[in-house]
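Owing to the predicted nature of the structure, the values given are computational and were not obtained by experimental measurement.
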Amino acid sequence: MSRVIIIVNSEVKASGKHAGASPVTEKMVAALKSAIAANSPTATVEVLAATALWSQASQNQLQNSNPIYCPLTIQLPDWFDFPARDIYKACRDIEGRRQWVERHLAYKTSIRDSWLGDLWLPVVLTTKKTLYGEVIGEGAIPNSYEQPVDLTNELRKSLYYLADRLLESLSAPPAVYLLQFRLIGKEIVFDRLWPFPAAPAIASIGSQQPDLFACHWQCLLGKSLRNLRNISKSLTLP
């Protein structure tokens, strides 16, 4: 029986409820749990607050087990050792990734808090091939995301090239990634890379089959996916 630990950026009470967790975080956890239950029904799933990783008791418990880790937060301690540690650390170095993209690929990038990305390209990196989801955009109200955002074929090809080269440079393991960017006219401005289905991925729930959380779990299991089917729907959370 597999043990799966989902790590979130909130406190988890004894009841299993997340203290201080946003509706987006709750939706992300529920979607990942649903994907695990559908594909790995015998797995036991635990939700762990990222803050708990700093406690000695948690460190000892994790070191004496061999779970499958599914962090849904980029804020992890440097000591925390898990298979995707290097890619999470690299993605946390936002300026480092921007400098690499500028130097090697000649794309414009966000400058500190300017030109921050409001669009996300989902990249499903499996053991056999790479699939691209429809671009996700911010909705008109807070905590809302829309999929798909229509782009020209030229922009899509440029985004795919950027994503491929960046992931290759990081020796990225199979997972779902979100490439965050902005468009200024017809020019792509790279912002950052997320090594998991971050908040905008909730737009794929009900709009893409399989959704990005199901894709992520399949990738972590080392399974391949044939394709992604778009159903065209946006999602808004209260």
Side-chain angles (χ1 to χ4, degrees), residues 1-19 21-55 57-77 79-88 91 122-129 131 133 172-178 194-229 235:
M1 181 182 295
S2 299
R3 180 189 180 200
V4 183
I5 297 181
I6 301 173
I7 304 173
V8 297
N9 195 23
S10 66
E11 296 181 6
V12 181
K13 296 181 178 179
S15 63
K17 298 292 184 181
H18 311 138
S22 69
V24 174
T25 298
E26 296 286 1
K27 191 72 177 180
M28 292 164 65
V29 170
L32 187 52
K33 281 184 172 181
S34 178
I36 295 169
N39 294 278
S40 308
T42 61
T44 60
V45 182
E46 303 169 36
V47 181
L48 183 68
T51 53
L53 295 174
W54 272 265
S55 74
S58 292
Q59 293 179 32
N60 293 337
Q61 182 183 15
L62 295 176
Q63 288 172 354
N64 294 327
S65 63
N66 189 30
I68 299 174
Y69 291 106
C70 299
L72 294 179
T73 174
I74 199 74
Q75 299 302 328
L76 301 172
W79 68 262
F80 181 54
D81 191 16
F82 69 113
R85 173 185 175 181
D86 290 345
I87 190 71
Y88 272 68
C91 291
V123 184
V124 181
L125 183 63
T126 76
T127 55
K128 294 185 177 180
K129 61 181 178 180
L131 300 173
V176 165
Y177 297 86
L178 293 185
W194 296 91
F196 60 91
I202 61 175
S204 70
I205 302 171
S207 70
Q208 176 187 289
Q209 184 62 37
D211 65 53
L212 291 173
F213 298 94
C215 290
H216 189 58
W217 180 243
Q218 294 283 74
C219 289
L220 295 183
L221 293 179
K223 296 183 178 180
S224 187
L225 292 162
R226 291 185 178 181
N227 53 46
L228 304 177
R229 185 168 62 89
L235 177 65

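- The two residues P195 and A175 make their nearest non-hydrogen contact at O-CB, 4.3 Å.
- The two residues P122 and L178 make their nearest non-hydrogen contact at CA-CD2, 3.7 Å.
- A50 and I7 make their closest contact through CA-CG2, 3.8 Å (heavy atoms, listed as atom of the first residue, atom of the second, distance).
- Checked against a 6.0 Å centroid threshold, the rings of Y88 and F82 count as neighbours.
- Every residue meeting the side-chain contact (heavy atoms from CB on, under 4.5 Å) condition with A35, not counting sequence neighbours, appears here in chain and number order: A214, W217.
- With sequence neighbours left out, T126 forms a side chain to side chain donor-acceptor pair (under 3.5 Å) with no residue at all.
- For the side-chain contact (heavy atoms from CB on, under 4.5 Å) test, residues two or more places apart in sequence or in another chain that qualify with P174 are T127, C219.
- Take P173 and apply the side-chain contact (heavy atoms from CB on, under 4.5 Å) test, not counting sequence neighbours, and it matches I87, Y177.
- When all heavy atoms of D81 and Y69 are compared, the closest pair comes out as O-CE1, 4.4 Å.
- The backbone N or O of K128 sits nowhere less than 3.5 Å from a side-chain atom of S224 that would complete a donor-acceptor pair.
- With sequence neighbours left out, A31 forms a side-chain contact (heavy atoms from CB on, under 4.5 Å) with I205, F213.
- Residues L212 and A201 approach most closely at CD1-CB, 3.8 Å, considering heavy atoms.
- With rounding to the nearest 0.5 Å, the separation of CE in M28 from CG in N9 is 10.0 Å.
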